[in-house]
Number of protein chains: 2
Amino acid sequence: MTANVTDPRLQRRQAKVAQILAEAWVLARRDGLAAVSLRELADAVGLRQPSLYVYFASKRDLYDAMFADGYRALLDYTRTRDYSGDPRQALTRFLSDLVQFCGDDLVRYQLLFQRTIPGFEPSERSFALAVEFYELGREVVGTAGGRSQDDVDVFTALVAGLAEQQTANDPGGRRWVRHSGRVVDMFLADVDRRRQATAIQEDCHEHDHRR
Amino acid sequence: MTANVTDPRLQRRQAKVAQILAEAWVLARRDGLAAVSLRELADAVGLRQPSLYVYFASKRDLYDAMFADGYRALLDYTRTRDYSGDPRQALTRFLSDLVQFCGDDLVRYQLLFQRTIPGFEPSERSFALAVEFYELGREVVGTAGGRSQDDVDVFTALVAGLAEQQTANDPGGRRWVRHSGRVVDMFLADVDRRRQATAIQEDCHEHDHRR
DNA sequence: GTCTATATTCGGATAGAC
DNA sequence: GTCTATCCGAATATAGAC
C-alpha cells in the first residue's frame, strides 16, 4: 500500500469519479437508467468516450458504482436523522423518510430496489452496503416490536408498497408518503394483536400442563 | 365496416398477432423487456424483421400490445375467480391472487405496474384496461369496508408492496404471497378502528351541540 | 491519462420488387 | 403480406500514439 489518503493524484481521480457519477445520475434521470450512453456521459464531463474506461472498466462497472453511490447517499441520509426515542414515532419517521427518499428520485429507487436493468447484479462489495441498510431497518423495526422474520418481511413490503406507489404515481409528491403514520399504526397494532394471541395460546398450554 | 368477425383473413391476421405477442413475452422473460429485439422476434415467428411492421407500426406499438395483452390476461384471470361471499375472505383471495399473478411473471409485472421502459406510455385504449382493473379492485376493497380514496390508496400500496417483494426477492415462490391474509386483517382492522374513531368524534360533536 | 481512430455489433426503420 | 436490400444511427469496447 503506497497509496495515501492525501495523495493528490488519488484525490483528483476520486474527484473525477464523483463528477462522472453525478452526471450519470443526471442523464439517468433524463433518459432512464438503461438509456445512459457512455458517449454523452463523457461529453458531459469533458472527456472523450474511450477515456471513461480509465475510470470504469465497463458499463456494468458504472452501474455498480451508481448502486454503491445510491446506498451511500441513503446511509448518509439516515445518519443525519434520529431514530431513537419513542419507537413508534421513530418507525414512522423511518418509513416516511424512506418513502420520501425513493419518491425524490425514481431512477435511484429503480437501481437500488428494483430489477430494472436486465442482467445487472451488484458486486459483493456494493451489495454489502444494501445489507448494511437492511440491518439498520431491521433494528428500527425490532425496537418497535417487530422481531420475527415474518414481521420484517411484512414491514419491507409496506415500505416497498408506499415507495412504489409514490414513485410511480406521484413522483416528487406526498400522496403516499403521508400515509406513513397510518401504515405504521396498522403494522404495530397487528404485531401487538399477534403477540397477545400467542400469549393467550401459551397460557392455555400452561393450563393444560397444570391439569 | 366491411370487416366481419368470421373474415378468414382477419382471423389469420389476429392469430399471427397472437403468435408474435406470445413469442415477445418469451424473449422478454429471457432477456428483459427493454432488450427484446425485433430481429430475433421475427426469427422466432418465421418472419423477416421488416415483415413485423405489417403487424406493428413500431416497437412502441409492440409494447403497447403487450401491455394490453397483460391486462387482458389479468382481467380474464380475475373473472375465473370468485370474489363474492365473505368480504374479508374475498379481499384476501383478491390480494393473494394478484401477488401470485405478479410473482409468476416478473417482466409482465414490470410492464403492467412499473415504469421500467423509459418513455413508454400506454395508449388510451390500452390504458382503459388498466382502469377497468383498478375499478374492479376498488369494488372489492369497498365491499370489505375501504370506501375512502385514502383507504384505496393504502390498499394499492399493500398490493404493490407484496407484489414488489415477491417478484424481486422470491420470484415464483410464496414468501410474501402467504402474508396476504395477515395484511388484509391488518388493513381491515385499521379501517374499522378509524371508522370508530370518526364515529366517536361525531358523537362528541353531537354532545357539543346539545350543550 | 487522454486522445484519435476504429472495430464490431446491433438496433429500428424504410424502399421497392414480387 | 412477405421478401431482399439497405439506410442510418448508435452502442460498447479496443489499439495504439502522445
Side-chain angles (χ1 to χ4, degrees), chain A residues 2-4 7-21 23-24 26-28 30-67 107 111 116-121 123, chain B residues 2-4 7-21 23-24 26-28 30-67 107 111 116-121 123:
Chain A
T2 57
N4 191 300
D7 179 349
R9 254 190 313 213
L10 188 61
Q11 279 201 334
R12 280 185 34 142
R13 189 188 169 88
Q14 284 173 343
K16 197 74 185 176
V17 167
Q19 187 199 0
I20 294 169
L21 281 176
E23 285 299 332
V26 172
L27 293 180
R30 199 193 63 189
D31 302 330
L33 211 39
V36 169
S37 135
L38 295 185
R39 280 176 202 286
E40 224 176 344
L41 178 56
D43 275 0
V45 297
L47 287 178
R48 298 293 172 167
Q49 177 255 334
S51 302
L52 282 181
Y53 284 80
V54 174
Y55 300 97
F56 299 98
S58 69
K59 194 174 186 183
R60 211 206 99 123
D61 242 54
L62 173 69
Y63 284 133
D64 193 56
M66 292 173 79
F67 182 90
V107 295
L111 183 58
T116 185
I117 298 182
F120 169 71
E121 287 207 11
S123 63
Chain B
T2 58
N4 192 299
D7 179 350
R9 251 189 316 212
L10 188 61
Q11 278 201 335
R12 281 190 29 170
R13 188 187 169 89
Q14 284 173 343
K16 197 75 186 174
V17 166
Q19 187 198 0
I20 294 169
L21 281 177
E23 285 299 333
V26 172
L27 292 181
R30 199 193 64 189
D31 301 330
L33 213 38
V36 169
S37 136
L38 296 185
R39 286 183 145 81
E40 222 177 345
L41 178 56
D43 275 0
V45 297
L47 288 178
R48 298 293 171 169
Q49 177 254 335
S51 302
L52 282 181
Y53 283 80
V54 174
Y55 300 97
F56 299 98
S58 69
K59 193 174 186 182
R60 211 206 99 122
D61 242 55
L62 174 68
Y63 284 133
D64 192 55
M66 292 174 78
F67 182 90
V107 296
L111 183 59
T116 184
I117 298 181
F120 169 71
E121 287 207 11
S123 63

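A, B, ... follow the sequence lines: proteins, then strands. Residue 1 opens every chain. Model, not experiment: these values are computed from the prediction.
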- If you check the Leu47(A) side chain, which of dG12(C), dT12(D), dT2(C) turns out closest? dT2(C)

- Mapping Val54(A) and Pro50(A) onto DNA chain C by nearest heavy atom, which one lands closer to the 5' end? Val54(A)

- Message: Of the listed nucleotides (dG1(D), dA13(D), dG12(C)), which one gets closest to any side-chain atom of Lys59(B)?
- Response: dG12(C)

- Distance-only, no hydrogens or angles: does the Tyr63(A) side chain make a donor-acceptor pair with backbone N or O of Leu111(A) under 3.5 Å? no

- Query: What is the distance from atom OG1 of Thr116(A) to atom CD1 of Ile117(B), rounded to the nearest 0.5 Å?
  - Reply: 9.0 Å

- Arg12(B) side chain to Asp7(B) main-chain N or O, any donor-acceptor pair under 3.5 Å? no

- Item | Arg48(A) CZ - dT6(C) P separation (whole Å) | 15 Å

- Task: Give the rounded distance in Å between these two atoms: CG of Leu52(B) and P of dG1(D).
- Result: 14 Å

- Task: Between Gly46(B) and Ala57(A), name the one whose nearest nucleotide on DNA chain D is closer to the 5' end.
- Result: Gly46(B)

- Options dG1(D), dT14(D), dG12(C), nucleotide nearest the side-chain atoms of Tyr55(B): dG1(D)

- Message: Using OP1 and OP2 only, check whether a side-chain N or O of Arg39(A) sits under 4.0 Å from dT12(D).
- Response: no

- Is there a side-chain contact between Val17(A) and Phe56(A) (heavy atoms, below 4.5 Å)? yes

- Item | Short side-chain N/O contact from Ser51(B) to OP1 or OP2 of dC3(D), under 4.0 Å | yes

